[in-house]
Amino acid sequence: MVRTRFAPSPTGYLHIGGVRTALYNWLFARQHGGQFILRIDDTDKQRNVEEAIRPILDGLRWLGIDWDEGPDVGGPLGPYYQSQRLDRYREAVEKLLAGGHAYYDYATTEEIQAERTEAEREKRMFRYSRRFMAETPADRARFEAEGRQAVVRLKIPTEGKLTIDDAIRGRVEFDWANEQDHVVQRADGTCLYHLANVVDDHDFQITHVIRAEEHLSNTPRQVFIVEALGYPRPAYAHLPLVAEPGSHTKLSKRKLDKYLKNRDFAELLEHGRKIAAAIGHPVEADAFNPVIVDFYRTVGFLPEAIVNYLALLGWSLDDKTEHFSRKELIESFSLDRVNKAPASFDPRKLMAFEERHFQLLPSERKVELVVPFLEKAGLIESPSSDRQRQLIAEIVAAAGDRIKVAGDVLEFADFFQPDDRLEYDEKAVAKNLGKEGAAELLAKFRDRLATAEPFDAAALETLLRDFVDAEGIKIGQIIHPLRVAVTGKSIGFGLFDTLAILGRERCLRRIERALAR
RNA sequence: GGCCCCGUCGUCUAGUGGUUAGGACACAGGCCUUUCACGCCUGCAGCACGGGUUCGAGUCCCGUCGGGGUCACCA
């Protein structure tokens with residue numbers, strides 16, 4: 001039975017790179033009919049763990065990455081919080097000590113630091129001298145009499161090699177001599193990540209450790225613990241990093257300012273900000289950042305688009321397939337087709353996937369997705385009435401591919417605005433309504449609109465074309481002023497659809513108002 | 001700096017000794033068109049470098065250069 005896991009620490013947000021790791025673990029487990037476990041790495045004691053993991057769990061669920069065991073769902077091997085498994089770690093430390101694979105060390109931080117500095121000065125690699133290693137209870141007593149406190153360190157071999165057969169990187173070799181006697185238990189008795197990690201992976205029967213490449217260098221010490229504890233060694237797969245746009249440096253939440261210099265990234269954030277502002281979502285919030293999944297949810301991205309994009313960020317099936325449903329991903333994913341080189345996050349390409357997935361949605365689904373945005377923006381009541389839903393359906397249909405993320409519906413907010421509150425894009429007004437004769441034509445056409453029957457897109461088109469013939473003008477001479485008069489803008493979807501959706505009364509009112517300016 | 005990983009268009013990638021180095025996003029131009037968006041067509045653009053091995057190298061070997069990760073009583 002394949003068992004994989006994702007082990008976020010409670011930071012309060014779900015990083016896009018983390019999602020990619022979680023996704024690959026999930027995909028791998030699902031493909032093999034195995035299980036995907038979620039574990040919370042909260043060895044670092046902190047308050048509000050619950051609060052800090054909530055956005056992470058919500059984000060994963062939103063993306064459709066579900067877990068078989070872990071927070072909220074429980075499981076037979078719990079608890080799934082490291083902070084609740086301390087006894088297990090302590091037992092492991094005891095075992096390490098008993099087996100001679102670890103030792104009590106009484107060196108102070110300063111003493112270690114001194115050795116380190118000395119090594120540096122002599123330009124040789126630092127390796128702790130074990131000068132304060134306690135080998136017997138008598139040693140311990142002596143050190144303690146001096147007022148020293150012990151940490152527990154791994155007794156790493158001083159020679160020999162370690163070979164790891166990584167599922168992605170192939171064979172990787174390390175010299176034990178280059179490793180350190182890492183601390184596994186602090187002076188206060190609490191345990192460190194690497195120890196906890198190994199113990200948990202074993203306790204949770206994890207068969208495949210799939211994680212980011214940054215952990216590759218940490219693997220030797222973990223393997224040492226695995227072996228010392230007599231555990232079976234899991235398979236390792238180290239994923240290439242998700243990098244910054246246009247660079248190969250690890251993508252980080254904290255470098256927003258830097259990323260903003262990237263045009264595509266800035267555009268994406270700006271796009272999101274417009275939507276967020278319209279629905280009253282705090283734009284300056286920490287989590288409102290394209291590096292964080294919550295951003296996409298807030299703005300109305302499709303989870304399947306993000307999953308599709310992320311799946312392809314470091315993995316590919318072949319030379320042509322790009323569009324994958326969740327099901328297809330589960331069927332075709334494989335570790336051996338994961339790339340080795342870091343992949344930089346490309347906001348543009350993510351957007352392309354989003355557009356594609358949104359296009360493919362049936363219109364009822366689009367309406368469903370768009371409604372919450374109109375509600376939050378206060379443009380429709382909640383719950384929405386049948387009439388409003390009808391209006392929305394018409395708008396969504398007329399908008400076609402212009403709505404790329406659900407929040408884009410707010411670009412058509414003026415359909416929900418009272419006519420006397422319509423805002424005008426002044427440049428568009430000047431350019432189109434200000435033209436010689438535009439107002440006169442508009443007034444004339446308004447009279448025709450007043451009696452047009454029926455008032456639907458097809459009939460209106462005929463009406464307008466007849467008008468153009470009768471006046472001997474070019475179609476643009478009336479269509480552009482009309483659009484601005486009725487929507488306030490020079491861009492938008494089909495004019496006849498626009499008129500029909502607005503209906504006669506509203507069209508006339510808006511034209512009057514425009515003419516009065 | 002030590003150790004480890006990585007290196008095909010700007011970006012994501014296909015490529016496993018013989019290809020005019022393919023696709024996608026982006027970009028440029030054009031078509032469609034009532035604007036915008038969509039769609040369609042065309043174009044631009046890449047094997048980091050140097051040595052080997054071989055009849056033949058993006059593909060294998062070595063070196064160089066470049067990029068990244070990691071070296072905590074963080075996770």
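Order of the sequence lines sets the chain letters (A, B, ...), proteins ahead of strands, with each chain counted from 1. Small disclaimer: the values here were computed from a predicted structure and weren't measured.
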Summarise how protein sits on nucleotides 64-75 of chain B as a single string, 5' to 3': B when a protein heavy atom is under 4.0 Å from the base, S for sugar-phosphate-only contact, - for no contact. ---SBBS-SBSB
Do you see a donor-acceptor pair shorter than 3.5 Å between the side chains of A:Tyr128 and A:Asp105? yes
Grab the CG-C1' distance between A:Asp319 and B:C9 for me, whole Å please. 16 Å
A:Gln180 side chain vs A:Phe126 backbone, donor-acceptor pair below 3.5 Å: yes
When the distance from CD of A:Glu322 to C1' of B:U13 is rounded to whole Å, what number comes out? 8 Å
Looking across every strand, which nucleic acid part, if any, lies under 4.0 Å from A:Asn339 by heavy atom: base, sugar-phosphate, or nothing? sugar-phosphate
Does the gap between the ring centers of A:Phe324 and A:Trp315 come in under 6.0 Å? yes
When A:Gln222, A:Gln82, A:His202 are each screened for side-chain hydrogen bond (donor to acceptor under 3.5 Å, both in side chains) with A:Asn197, the one that passes is A:Gln222
With nearest nucleotides of RNA chain B determined for A:Ala341 and A:Gly246 from heavy-atom distances, which residue corresponds to the more 5′ nucleotide? A:Ala341
Considering every strand and a 4.0 Å limit on heavy-atom distances, what is the contact class for A:Ser344: base, sugar-phosphate, or nothing? sugar-phosphate
Pairing check on B:A24: which nucleotide meets the Watson-Crick or G-U wobble criteria with it, both distances under 3.5 Å? B:U11
By the 4.0 Å heavy-atom rule, please label A:Gly476 as base, sugar-phosphate, or nothing. nothing
Using Watson-Crick or G-U wobble geometry with both distances below 3.5 Å, tell me the partner of B:U33, or none. none
Can you tell me the pairing partner of B:G63 across any strand shown, Watson-Crick or G-U wobble, with both distances under 3.5 angstrom? B:C49
Paired with B:A57: which nucleotide, if any, by Watson-Crick or G-U wobble criteria at under 3.5 Å for both distances? none
Indicate, with a heavy-atom threshold strictly under 4.0 Å, whether A:Arg465 touches base, sugar-phosphate, or nothing. sugar-phosphate
Regarding A:Thr190 and A:Arg186, do their side chains bring together a donor and an acceptor under 3.5 Å, going by distance alone? yes
Specify whether A:His238 and A:Tyr236 have parallel, tilted or perpendicular ring planes, treating 30° as the upper limit for parallel and 60° as the lower limit for perpendicular. parallel
Mark yes or no: A:Arg20 above the aromatic ring of A:Tyr24, with NZ or CZ under 6.0 Å from the six-membered ring centre and no more than 45 degrees from the axis. yes
So, A:Tyr89 and A:Asp200: side-chain donor and acceptor under 3.5 Å apart, yes or no? yes
If you look at every strand shown and take non-hydrogen atoms under 4.0 Å, does A:Arg337 touch a base, only sugar-phosphate, or nothing? sugar-phosphate
For residues 394-406 of chain A, which residues have at least one heavy atom under 4.0 Å from RNA chain B? A:Asp401, A:Arg402, A:Lys404
NA contact type, A:Gln359, heavy-atom cut-off 4.0 Å: base, sugar-phosphate, or nothing? sugar-phosphate
Are OP1 or OP2 of B:U11 and a side-chain N or O of A:Lys349 less than 4.0 angstrom apart? no
Tell me which nucleotide, if any, is Watson-Crick or G-U wobble paired with B:G2 when both distances must be under 3.5 Å. B:U70
Look at all strands and tell whether A:Gly494 reaches a base, only sugar-phosphate, or nothing, counting heavy atoms closer than 4.0 Å. base
Starting at the 5' end of RNA chain B and moving along, which residue's nearest nucleotide shows up first, A:Leu312 or A:Arg169? A:Arg169
Just checking A:Phe353: base, sugar-phosphate only, or nothing, at a heavy-atom cut-off of under 4.0 Å? nothing
With heavy atoms under 4.0 Å as the rule, sort A:Arg483 into base, sugar-phosphate or nothing. base
What orientation do A:Phe493 and A:Phe415 show, parallel under 30°, tilted 30 to 60°, or perpendicular over 60°? parallel
Tell me what A:Leu313 touches on the nucleic acid: a base, only sugar-phosphate, or nothing, going by heavy atoms under 4.0 Å. sugar-phosphate
